[in-house]
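Single-structure report; data block below.
Because only heavy atoms are used, hydrogens play no part in the values below, and waters and symmetry mates are left out as well, while side chains stay in. Lettering of chains follows the sequences in order, A, B, ..., and the numbering in each one begins at 1.
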Amino acid sequence: GAVVSQHPSWVICKSGTSVKIECRSLDFQATTMFWYRQFPKQSLMLMATSNEGSKATYEQGVEKDKFLINHASLTLSTLTVTSAHPEDSSFYICSALNRAGTGELFFGEGSRLTVL
Amino acid sequence: GENVEQHPSTLSVQEGDSAVIKCTYSDSASNYFPWYKQELGKRPQLIIDIRSNVGEKKDQRIAVTLNKTAKHFSLHITETQPEDSAVYFCAASDDTGNQFYFGTGTSLTVIP
């Protein structure tokens, strides 16, 4: 199946710093990518939908100035957690939609963010 | 937006028994319903999916049924094995694929 790579897999940062997470579709072009947040033993909460070349669509309750999403190319979307605080500590996972193929959603490996 | 509910949240079955997980959705525009399996510390992986023009789909020990009128769909795993133990998520999306909404997940434990 298609491959989506997410980096970094784990990051620890100090409170107040910003962290960038990358999501790449390695063997297909993804016009649409999704960013999720997953708390331990809980579901995938959709944060935003990222469309290449346009502004991301954020879900209700997600601060767009806090979670900056950039989808500048057909294979790369980035999520930047700005001025991170301990409550931002979570597992962030991206997925990419392979529209040209089966229409399946492929997930990255996830990024665990720990804010001290 | 779409609201996907999933039940049960936890499920324990004896090896060899069947497991059934149920989901409901709210948006009648949704017509694509995938199921994902997430093992501990790993990414979700698609295991089966169904589109609204089909009522049932089967792949070996896994089957999914869809009742579009009632807006619910179910995952059926037969002859469960310990390696089926994982968290399972249902999801719903429309034709545009612009939004995928996930259920709350079911933690399945298959007892040897």
Just how far is it from atom [atom1] of [X] to atom [atom2] of [Y], taken to the nearest 0.5 Å?
{"X": "B/L46", "Y": "A/F106", "atom1": "CG", "atom2": "CZ", "answer": "7.0 Å"}
{"X": "A/E109", "Y": "B/K42", "atom1": "CD", "atom2": "NZ", "answer": "12.0 Å"}
{"X": "B/R43", "Y": "A/S5", "atom1": "CZ", "atom2": "OG", "answer": "7.5 Å"}

Per-residue contact mode, B/Q6 against chain A (heavy atom under 4.5 angstrom): neither
Examine whether an atom of B/P34 lies under 4.5 Å from a heavy atom of chain A, and if so say whether it belongs to the side chain, the backbone or both; otherwise answer neither.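 Neither; nothing under 4.5 Å.
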Test log, rule side chain to side chain contact (heavy atoms under 4.5 Å, CB included), inputs A/L105 and B/Y36: CA-CA 10 Å; A/L105 200 61; B/Y36 293 85; 3.0 Å; yes
Atom [atom1] of [X]: over 12 foreign heavy atoms under 6.0 Å:
{"X": "B/E79", "atom1": "CD", "answer": "no"}
{"X": "B/L40", "atom1": "CG", "answer": "no"}
{"X": "B/K68", "atom1": "NZ", "answer": "yes"}
{"X": "B/Q60", "atom1": "CD", "answer": "no"}

Does [X] belong to the same Ile/Leu/Val/Met/Phe/Trp/Tyr cluster as [Y], with side-chain heavy atoms less than 4.5 Å apart forming each link?
{"X": "A/Y92", "Y": "A/F107", "value": "no"}
{"X": "A/F91", "Y": "A/I69", "value": "no"}
{"X": "A/L97", "Y": "A/L46", "value": "yes"}
{"X": "A/L68", "Y": "A/W35", "value": "no"}

With a 4.5 angstrom heavy-atom cut-off, which part of A/I93 approaches chain B: side chain, backbone, both or neither?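 Only the side chain of A/I93 comes within 4.5 Å of chain B.
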Heavy-atom cut-off 4.5 Å, strictly under: side chain, backbone, both or neither for A/Q60 against chain B?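 A/Q60 has no heavy atom closer than 4.5 Å to chain B.
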Does any N or O in the side chain of B/T104 come within less than 3.5 Å of the main-chain N or O of A/S43, such that one atom is a donor and the other an acceptor?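 No: the side chain of B/T104 does not pair with the backbone of A/S43.
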Could you check which of A/Q6, A/Q38, A/R112, A/M45 has the highest count of heavy-atom pairs closer than 4.5 Å to chain B?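 Maximum pair count with chain B is reached by A/Q38.
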Just by distance, no angles: are the side chains of A/E59 and B/Y101 close enough, under 3.5 Å, to form a donor-acceptor pair? yes
